[in-house]
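Just below is one structure, and these are the notes that go with it.
Each chain gets a letter, A, B and so on, in the order the sequences are listed, and its residues count up from 1.
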Number of protein chains: 2
Amino acid sequence: MLYIIGLGLADEKDISAKGLEVVRRADRVYLEAYTAVLLVEQSVLEAYYGRPVILADREMVESKSDEILAGADEKDVAFLVVGDPFSATTHTDLALRCRQNDPPISIRTFPNASILTAVGATGLSLYNFGQTVSMVFFTETWKPASFYDRIAENASLGLHTLVLLDIKVKEPNLQAMARGKIIYEPPRFMTVAQCASQMLEIDEERKQGICGKDSLAVGVARLGSDNQEIVAGTIEELTNADLGNPLHSLVLCGKKMHEMEWEYVRGFAIDQTKFDSIWKRDYAGHN
Amino acid sequence: MLYIIGLGLADEKDISAKGLEVVRRADRVYLEAYTAVLLVEQSVLEAYYGRPVILADREMVESKSDEILAGADEKDVAFLVVGDPFSATTHTDLALRCRQNDPPISIRTFPNASILTAVGATGLSLYNFGQTVSMVFFTETWKPASFYDRIAENASLGLHTLVLLDIKVKEPNLQAMARGKIIYEPPRFMTVAQCASQMLEIDEERKQGICGKDSLAVGVARLGSDNQEIVAGTIEELTNADLGNPLHSLVLCGKKMHEMEWEYVRGFAIDQTKFDSIWKRDYAGHN
């Protein structure tokens, strides 16, 4: 049996009681470590579980899944995923391979907290979110703006957009690679401020005012941990917000933002007077 | 401190290890028992936690929240919520009351699995979902169709719609109430088949073909439990699907359903040949 077990968002104790039982008795335990990261070190997990954990990087999951699945038709293998198992398509891949294996490998999935719902801590109603988008790090020459089309679609319906921010873990250094060496770059995590700047940059090109200076948004950091941080303001204000350590995400507010949502979110405002006046001018009464 | 603790979806062991620690030491433990239900009895929870749990029905949460919050500025109170704490706005209410209390009551939230992400078990990508809608039980005279406008909005963007199905717990019998007595109706849980019938009924009135006979959809039951069930087919096929015990939900597929999603979902099809031919005719190539 392959168990795909969600670890939740923050630390070693966010695993479910049921998941912990499986981890403690499984034959092997893998930790998927590239689409998201926990806020604690691997050693902390291992100490709490009382056993070693094998790090599964992108290469292993995508090209060496046979290794992970070896013997799983007879033994129990646990595959740990930060957040909720099905929030990343990689895990659908793995499940497909189990189904196609000969003999087929049984699979069980233990859901857990995901940023997609934990973002409800902002006070924004999960019913009022449209499709989720991802924001990648821009470079000098590569500024993919397809996120803008998606948030424009959500905005046309008055819906909020959750923006998931890029993380770069175990990325090879390209110059070293050209010399035939593999050296990994230090990990990078996009901040709310970087995301807000990139949104503003594309909005200034497109001029649709979808995520302009005065658009309201909420930045979140380390949701689910005891030092989580939530900051609300305009996109312009958020370009200067410092929410500290990773992981960060951003929600662009939709025009339908209800009075009850506003009442809660304004408690996190950088400048409450400004937040209130923009909400009243541009958002109130659109639902 | 008020701890709002998500219990996840299925049973007593879906609580996080962290949540369990708090439940075992808190001064009082409440269980919110009307917006969703676990698949196990209260007594099973109590046996696992090793302590009594106070049932909090709608009346208590909405009108007697002072009782729940009493002493929470000094002692620890645990408020348990099926699924994820912030998936229902009630809990935003409770959090607002903590903030406004004198002295303010500190609050911590432990996220957990929600149907909003567990539905990824169908193989449909969570990135391709639009806004979530609710479906209530129709009566002879009351057939609220606002859900149709929302799914039409999602459909216009090619997005999937998660439809959450009505549950009726502790509803007073109206005839008894007219005689001055309070008698509660037995609990009712909407099935995938009932939901599909109601969708078809409204689509036949509106004639937009948003959720017509040949629209593809996926029914899910008891997600996250070891007897979860997933069934894919047309809305018409689903009007006859029997997915057994509650809780059920339904996903109406958007036209952008990707080939990778299709490849996974078809494994759950009632009639795979039919599912494939409709996908190829109406869905393939829309993304």
Side-chain angles (χ1 to χ4, degrees), chain A residues 6 8-21 48 83-89 91-93 95-96 99 108-123 125-134 150 153-154 156-157 159 223-224 226 228 260-261 263-264 267, chain B residues 6 8-21 48 83-89 91-93 95-96 99 108-123 125-134 150 153-154 156-157 159 223-224 226 228 260-261 263-264 267:
Chain A
L9 297 166
D11 62 39
E12 74 281 7
K13 292 186 180 177
D14 285 335
I15 192 171
S16 66
K18 191 187 281 175
L20 188 56
E21 286 180 2
Y48 186 67
D84 184 68
F86 282 106
S87 296
T89 49
H91 315 109
T92 318
D93 283 3
L96 262 182
R99 206 193 259 178
R108 273 214 59 191
T109 306
F110 293 168
N112 206 326
S114 160
I115 181 68
L116 271 65
T117 46
V119 74
T122 56
S125 165
L126 296 175
Y127 284 76
N128 295 342
F129 280 72
Q131 57 201 316
T132 300
V133 307
S134 297
R150 301 286 88 71
E153 289 176 346
N154 289 340
S156 74
L157 303 177
L159 299 173
L223 275 190
D226 54 9
Q228 73 176 26
M260 279 196 52
E261 297 178 281
E263 196 185 347
Y264 198 80
Chain B
L9 296 167
D11 62 38
E12 74 281 6
K13 293 185 179 177
D14 285 336
I15 192 171
S16 66
K18 192 187 280 176
L20 188 56
E21 286 179 1
Y48 187 67
D84 184 68
F86 281 106
S87 296
T89 48
H91 315 106
T92 319
D93 283 2
L96 262 181
R99 208 193 258 177
R108 273 215 59 192
T109 307
F110 294 168
N112 205 326
S114 160
I115 181 66
L116 271 66
T117 46
V119 74
T122 56
S125 165
L126 296 175
Y127 284 76
N128 295 341
F129 279 73
Q131 57 201 318
T132 300
V133 306
S134 297
R150 300 287 87 72
E153 287 176 345
N154 289 339
S156 73
L157 303 178
L159 299 173
L223 276 191
D226 53 11
Q228 72 176 27
M260 279 196 51
E261 297 178 280
E263 197 184 347
Y264 198 82

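Annotation: the span from Leu126(A) atom CG to Thr117(B) atom OG1 amounts to 10.0 Å, rounded to 0.5 Å. If you take CG on Leu157(B) and CZ on Arg150(A), they are separated by 8.5 Å, rounding to the nearest 0.5 Å. Note that CG of Asp84(A) is 9.5 Å distant from CG of Asn112(B), once rounded to the nearest 0.5 Å. To the nearest 0.5 Å, atom CE of residue Met260(B) and atom CG of residue Asp93(A) are 4.5 Å apart. Atoms CG and CZ, on Asp14(A) and Phe110(B) in that order, are 8.0 Å from each other to the nearest 0.5 Å.
Considering only heavy-atom pairs separated by less than 4.5 Å from chain B, the leading option among Lys18(A), Glu261(A), Glu21(A) is Lys18(A). Between chain B and the residues Gly130(A), Gly123(A), Gly8(A), the largest count of heavy-atom pairs under 4.5 Å involves Gly130(A). Taking chain B as the reference chain and counting heavy-atom pairs below 4.5 Å, the highest number among Thr122(A), Leu223(A), Leu96(A), Val133(A) is found for Leu96(A). For the options Gly19(B), Ala10(B), Ala121(B), heavy-atom pairs under 4.5 Å to chain A are most numerous at Ala121(B). Highest contact tally toward chain B, considering only Leu9(A), Asp11(A), Leu20(A), Thr109(A), is held by Asp11(A) [criterion: heavy-atom pairs under 4.5 Å].
For Ala95(B), the parts lying under 4.5 angstrom from a heavy atom of chain A are both the backbone and the side chain. In this structure, chain A has heavy atoms under 4.5 Å from both the backbone and the side chain of Tyr264(B). For Asn128(B), no part sits under 4.5 Å from any heavy atom of chain A, backbone or side chain. With a 4.5 Å cut-off on non-hydrogen atoms, Glu263(B) touches chain A through its backbone and its side chain both.
The nearest pair of heavy atoms linking Tyr127(B) to Ser134(A) is CE2-OG, 3.4 Å. When all heavy atoms are compared, the tightest approach of Tyr48(A) to Ala17(B) is OH-CB, 3.2 Å.
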